Amino acid sequence: MAEERWSIWLLFRCANFAGHPSDSQIGVAVIANPYYAPLVHEAMANKVCSVCGGPFEFIGQESALVPYLALDVERLSASGFNIMKDEEVIWG
């Protein structure tokens with residue numbers, strides 16, 4: 001059986017998110033699959049927050065249910081996460 005293109009959300013939070021203005025983003029939610037997850041982790045280790053320049057920390061992952069991706073995007077965006085695809089993080 002082929003692996004789903006989008007099967008997990010990888011959540012990264014700025015290490016300094018508590019110091020951000022209240023209306024700014026706290027981190028990045030990356031939609032990926034287990035094959036690309038290690039590449040996303042590696043890329044995020046070299047990225048910095050656009051709000052404060054702080055490093056990102058991995059805070060967990062969630063299942064991404066393909067029929068409900070739009071709801072996931074709305075929910076994660078409302079929680080302060082910038083939504084990105086794995087390819088944007090890895091090769092962007």
Side-chain angles (χ1 to χ4, degrees):
M1 184 168 136
E3 183 175 14
E4 290 287 335
R5 177 65 184 101
W6 312 117
S7 57
I8 56 174
W9 286 102
L10 301 172
L11 306 176
F12 297 88
R13 182 174 58 199
C14 173
N16 185 39
F17 81 95
H20 287 189
S22 61
D23 62 343
S24 67
Q25 295 177 333
I26 65 166
V28 180
V30 183
I31 190 154
N33 64 29
Y35 177 79
Y36 286 114
L39 297 173
V40 171
H41 282 278
E42 183 179 320
M44 287 301 295
N46 297 312
K47 297 200 180 289
V48 296
C49 176
S50 62
V51 175
C52 70
F56 286 101
E57 56 189 8
F58 177 67
I59 59 168
Q61 73 181 42
E62 299 180 2
S63 295
L65 301 175
V66 175
Y68 304 104
L69 286 181
L71 295 174
D72 283 348
V73 168
E74 289 175 18
R75 176 179 55 84
L76 291 167
S77 292
S79 296
F81 288 93
N82 181 26
I83 307 299
M84 299 182 79
K85 294 179 182 176
D86 52 13
E87 57 206 15
E88 295 174 297
V89 172
I90 299 167
W91 298 288

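Predicted model, so just to flag it, every value in this text is computed and none were measured. For this chain, numbers begin at 1 and follow the sequence in order.
One distance of note links CG of Asn46 with CZ of Phe56; it measures 12.0 Å at 0.5 Å rounding. Going from atom CG of Leu10 over to atom CE of Met84 covers 12.5 Å, rounded to the nearest 0.5 Å. Considering CD1 of Ile59 and CD1 of Ile26, their distance stands at 6.0 Å, rounded to 0.5 Å.
Using a 4.5 Å heavy-atom threshold, the side chains of Asn33 and Trp6 count as separate. Using a 4.5 Å cut-off on side-chain heavy atoms (C-beta onward), Asp72 and Ile83 make no contact.
Qualifying salt bridge (Lys or Arg N to Asp or Glu O under 4.0 Å) partners for Glu74, counting only residues two or more places apart in sequence or in other chains: none. Legend: residues meeting ring-ring contact (aromatic ring centres under 6.0 Å, His included) with Phe17, ordered by chain and number and at least two apart, are absent. For Ser50, the side-chain contact (heavy atoms from CB on, under 4.5 Å) criterion is met by no residue, not counting sequence neighbours. Contacts of Ile90 classified as side-chain contact (heavy atoms from CB on, under 4.5 Å), with partners at least two apart in sequence or in another chain: Tyr36, Leu39, Val40, Asp86. The side chain to side chain donor-acceptor pair (under 3.5 Å) check on Glu87 picks up Arg5, with sequence neighbours excluded. Judged as a ring-ring contact (aromatic ring centres under 6.0 Å, His included), and not counting sequence neighbours, the contacts of Phe58 are Phe12, His41. Under the side-chain contact (heavy atoms from CB on, under 4.5 Å) criterion, Val51 pairs with His20, Pro21, Ser24, Cys49, not counting sequence neighbours.
Phe81 and Val28 fall into different hydrophobic clusters, where Ile, Leu, Val, Met, Phe, Trp and Tyr residues are linked whenever their side-chain heavy atoms come under 4.5 Å apart, directly or through other members. In the hydrophobic clustering of this structure, Leu69 does not group with Val89; members are Ile, Leu, Val, Met, Phe, Trp, Tyr whose side-chain heavy atoms approach within less than 4.5 Å, directly or through other members.
Alongside Leu65, the hydrophobic cluster contains Tyr68, Leu71 (criterion: ILVMFWY side chains under 4.5 Å).
Listed by first then second residue, pairs satisfying salt bridge (Lys or Arg N to Asp or Glu O under 4.0 Å) with a partner in residues 62-71 read Glu62-Arg75, not counting sequence neighbours. Here salt bridge (Lys or Arg N to Asp or Glu O under 4.0 Å) pairs that include residues 30-47, with residues two or more places apart or in two chains, number zero. Residue pairs satisfying the salt bridge (Lys or Arg N to Asp or Glu O under 4.0 Å) criterion with at least one member in residues 13-23, sequence neighbours excluded, are listed as follows: Arg13-Glu57.
Of all the heavy atoms in Ile8 and Ala64, the pair that sits closest is N-CB, 3.8 Å.
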Given Leu11 and Leu76, is the side chain to side chain contact (heavy atoms under 4.5 Å, CB included) satisfied, shown in steps?
CA-CA 9 Å; Leu11 306 176; Leu76 291 167; 4.0 Å; yes
